[in-house]
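Notes follow once the structure below has been shown.
These numbers come from the heavy atoms of this one structure, side chains and all, not from hydrogens, waters or symmetry mates. Here the structure is a predicted model, which is why all the values come from computation and not from measurement. In what follows, every chain begins at residue 1, and chains take the letters A, B, ... in the order their sequences are listed.
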2 protein chains.
Amino acid sequence: MGEDGTPSGRQERIAFMAEDAPRRQPTLDEVAELAGVSRSVASRALNNAPHVSRVKREAVERAVRRLGYVPNSTARALATRQTGAAALVVSGEDPSIFADPFFAQVIVGASAALEEADLHLMLCLAASDRGRKRVEELFRSKGADGVMLMALREDDPLARMAERATMPVVFGGRPVGSVPRWYVDVDNAGGAREATEYLISLGRTRVAALCGRLDTEAGRTRYRGYRDAMLAAGLDPFPPREGDFTESSGATAMAALLTERPDVDAVFAANDNMGVGALRALRGAGRRVPDDVAVVGFDDLAVAQVSDPPLTTVHQPIQALGREMARMLAALVNGQSPTALILPTRLVVRASA
Amino acid sequence: MGEDGTPSGRQERIAFMAEDAPRRQPTLDEVAELAGVSRSVASRALNNAPHVSRVKREAVERAVRRLGYVPNSTARALATRQTGAAALVVSGEDPSIFADPFFAQVIVGASAALEEADLHLMLCLAASDRGRKRVEELFRSKGADGVMLMALREDDPLARMAERATMPVVFGGRPVGSVPRWYVDVDNAGGAREATEYLISLGRTRVAALCGRLDTEAGRTRYRGYRDAMLAAGLDPFPPREGDFTESSGATAMAALLTERPDVDAVFAANDNMGVGALRALRGAGRRVPDDVAVVGFDDLAVAQVSDPPLTTVHQPIQALGREMARMLAALVNGQSPTALILPTRLVVRASA
DNA sequence: ATCCCAACTGGAAGCGCTCCCAGTTTTCGG
DNA sequence: CCGAAAACTGGGAGCGCTTCCAGTTGGGAT
């Protein structure tokens, strides 16, 4: 075997099959043979490319059905240089981040849009060193056709990887201090401004801001929106009071604020968690909400509806964020040139303000 | 070109590169050439296989570094017939299922364990026809090394696909009416029994069951656990009162129950959502919890802690479920033979019982 | 009847990697 | 110092698919 010019491996495999492996997946060669055409015609027929006569096309279809043929996606990927998959990469410390309702919603939106574009969704967490290394390999080994990148911190190593990447990268939210070519963001500044203006329209004049991490773009931009609105109304903005987007940091910041500025009559919190924390601190201090102090949050997650009192908050379209990231990436993969996108926010008035 | 025996495609490409595409990813051939070894030696060195001298191994490593070489994962996949990815497939009607806190936790657990095994996570939703078709193709086109399958209904088409699959499949929870070779489940019967026994130990004798969908294994098995405990205590089990695991179905079922059996003094709900619904219906009917009617749920999701009163419930280790599914799959992919696994549950006593 | 061009076909060269195997070099006991 | 075993090397055949391109065919224009 092999001496006669016939590839010995193939020989053996066929013999093997006939004996005891009837369920091996058929290959395109076999389809072509059964259909009585050449492999290239079969390929063209499958991808309904032109230059295939009606007769042969049907013969191929028949053979495909008879054999139960399904193209091997890996081989196809190697030949076309397209994997058919997109990765959603989330940067962060904690593996539980996927359980965060925010990301869960992003995943829902992205998953739906990718299905539409016939791309598979790979989920990658760049939390540990190991995770980051795997992501880097994904980037460099062309393991996906494109990447959606979220939750970058200042000087995030993922930012460098993204720059070097040879595949399209779409950012969810802008990374700190740079404006990538392709991203989808929420109108953080506008939302914060609207919330603050609303508080001012209620007649409040001593409106404070509880900020999120100021090493994130969202944290900074929301504070900036607040400040702009205050200045525009001729009021003195409070200095930023930084938290880290958690409930407890909101409570702490609020308590400190009450000590320093007992006259505060409204609070804009950088997100719902911090808003709920503020609510708790206010309750602890015996202040009534909204009578003594009005509170507005940001996000409109489920927690805003069940808090006591329910939280007035800036709604952001999180599923849409995921969806638009995925659509943008799909467009890039298909060679189109989408443009960056900023999604609108909307104030949802509940009892807390 | 091409006349001299040199592949013309390659020729062109190299010329092209030299001129204006300096950043093409290097291939193993180029690494080998730079290191002064043959391609196979370079390959062996990379996969640190035996039969490579120390000197050459180091030469290869140096070349890899100089060129910034990263193996192309698709080519490797084709040659090894391993994709390096595992899919988590969820059956269901609603795309939002990924936002369900239950699945979010499964994803967290699976993601961590797969990272450990150096497998990528693909997320697939088999909700629409399109989704199911994509999953079928994934199965048949060998787009992943293995599949984790969850939330199968009775006669779920995914079950047939799984049977035909040529790759390992691990089930999360048993599908209805069959016991697959590999699965990870939670001790639904034991948990339900423990919950019911606890209610009985409180002196309750008219303990009702609010069931989940009886076309799911969990729904059925939890009812069975309840019934067993009742019979063992010499009490009459209530007939199953079916809901669909949602809060509103729990409220509806509870209201109906109160009409038919106003003497009920305890309720075992098939999950927390239904338990919370029952709480609402009881409050509406003016019954005190737990004084008049004690309520126990199942799952121990966040909602159980914030309900009023906080819900006594059967805790199940959801992250562990995801983790163990992933580990089992990884073991199968590596040719080992793990055995099915049933995870323990634990009663968490809060104020509602 | 002749010519030309479009439509179509299929052989063969890749895609980038792994791994078998035949061949070569090194090592070492006798 | 020799021969055989051990260690190592590298050519080459795949993996299963796409796609280029040289070549064939059919039909309408001339």
Side-chain angles (χ1 to χ4, degrees), chain A residues 1-3 5-14 24-33 35-57 59-60 64 67 69-84 140-143, chain B residues 1-3 5-14 24-33 35-57 59-60 64 67 69-84 140-143:
Chain A
M1 247 190 286
E3 291 287 19
T6 314
S8 59
R10 171 72 62 146
Q11 281 277 32
E12 273 165 30
R13 217 188 45 192
I14 289 174
R24 214 193 89 262
Q25 292 283 342
T27 71
L28 186 56
D29 278 307
E30 291 163 275
V31 170
E33 183 170 23
V37 303
S38 79
R39 183 164 14 114
S40 20
V41 172
S43 173
R44 270 186 240 120
L46 279 178
N47 301 301
N48 39 55
H51 307 312
V52 179
S53 68
R54 191 186 166 69
V55 179
K56 302 225 162 175
R57 186 180 300 272
V60 170
V64 164
L67 258 38
Y69 169 80
V70 176
N72 178 307
S73 53
T74 306
R76 184 178 290 205
L78 183 60
T80 60
R81 295 135 171 279
Q82 297 233 48
T83 63
R140 313 224 4 233
S141 73
K142 292 217 181 339
Chain B
M1 243 187 292
E3 291 287 20
T6 314
S8 58
R10 170 74 61 149
Q11 282 278 31
E12 273 164 30
R13 217 188 44 193
I14 289 176
R24 214 192 88 263
Q25 292 283 339
T27 71
L28 187 54
D29 279 304
E30 291 163 277
V31 170
E33 184 171 21
V37 303
S38 78
R39 184 169 8 109
S40 17
V41 173
S43 173
R44 270 186 237 120
L46 279 178
N47 301 301
N48 40 54
H51 307 312
V52 180
S53 69
R54 192 185 166 70
V55 179
K56 303 228 163 180
R57 186 180 301 271
V60 170
V64 164
L67 259 37
Y69 169 80
V70 175
N72 178 306
S73 53
T74 307
R76 184 177 288 203
L78 183 59
T80 60
R81 295 136 171 278
Q82 298 233 51
T83 64
R140 311 220 10 228
S141 73
K142 294 215 181 337

Note to self: Using OP1 and OP2 only, check whether a side-chain N or O of A/Arg81 sits under 4.0 Å from C/dG16.
What the structure shows: yes

Next item on the list: Consider the side chain of A/Lys56, meaning its heavy atoms from C-beta on, and name the nucleotide among D/dG10, C/dG16, C/dT9 that approaches it most closely.
Entry: C/dT9

Next item on the list: For A/Ser40, answer base if it contacts any base atom (sugar-phosphate contacts may also be present), sugar-phosphate if it contacts only those atoms, and nothing otherwise; contact means non-hydrogen atoms under 4.0 Å.
Entry: base

Check: B/Asp29 CG to C/dT18 P: how many Å, rounded?
Finding: 11 Å

Item checked: Closest non-hydrogen atom pair, A/Leu28 against A/Tyr69 -> N-CE1, 3.5 Å

Check: A/Arg44 side chain: which of D/dC20, D/dT18, C/dC17 is closest?
Finding: D/dC20

Checklist line | First of B/Asn47 and A/Ala79 reached from the 5' end of DNA chain C, by closest nucleotide | finding: A/Ala79

Check: Side chain of A/His51: nearest nucleotide among D/dC15, C/dC17, C/dT9?
Finding: C/dT9

Next item on the list: Using whole Å, report how far CG of A/Leu78 lies from P of C/dA13.
Entry: 17 Å

Next item on the list: Give the C-alpha distance, both sets of side-chain angles, the deciding distance and a yes or no for side-chain contact (heavy atoms from CB on, under 4.5 Å) between A/Thr74 and A/Leu78.
Entry: CA-CA 6 Å; A/Thr74 306; A/Leu78 183 60; 5.8 Å; no

Next item on the list: Determine the minimum heavy-atom distance between A/Lys56 and A/Val41, stating which atoms define it.
Entry: CB-CG1, 4.4 Å

Margin query: Please pick, from C/dC17, D/dT19, D/dG16, the nucleotide with the shortest atom-to-atom distance to any side-chain atom of A/Thr27.
Written below: D/dG16

Check: According to a strict under-4.0 Å criterion, is B/Arg39 in side-chain N/O contact with OP1 or OP2 of D/dG10?
Finding: no

Note to self: On a heavy-atom basis, which atom in A/Glu30 and which in A/Gln25 lie closest, and how many Å separate them?
What the structure shows: OE1-O, 4.4 Å

Check: Where do A/Val52 and A/Arg44 come nearest, in terms of heavy atoms and distance?
Finding: CG2-CB, 3.5 Å

Next item on the list: Map B/Thr74 and B/Val41 onto DNA chain C by nearest heavy atom, then report which one ends up closer to the 5' terminus.
Entry: B/Thr74

Check: A/Leu28 has an atom CG; how far is it from atom P of D/dG16, in whole Å?
Finding: 11 Å

Next item on the list: Provide, to the nearest angstrom, the distance between the CZ atom belonging to B/Arg54 and the C1' atom belonging to C/dT26.
Entry: 18 Å

Item checked: Nearest-nucleotide pick for B/Ser43, side chain only, options being D/dT19, C/dT18, C/dG16 -> C/dT18

Checklist line | Sugar-phosphate, base or nothing in reach of B/Ser53, heavy atoms under 4.0 Å | finding: sugar-phosphate

Notebook entry, point to check: Expressed in angstrom and rounded to an integer, what is the separation of A/Leu46 atom CG from D/dG16 atom C1'?
Noted result: 12 Å

Check: Separation of B/Lys142 atom NZ from D/dC17 atom P, in whole Å?
Finding: 11 Å

Margin query: Could you tell me how far apart B/Arg76 (CZ) and C/dC15 (P) are, to the nearest whole angstrom?
Written below: 18 Å

Next item on the list: Find the distance B/Gln25:CD to C/dC17:P and express it as a whole number of Å.
Entry: 10 Å

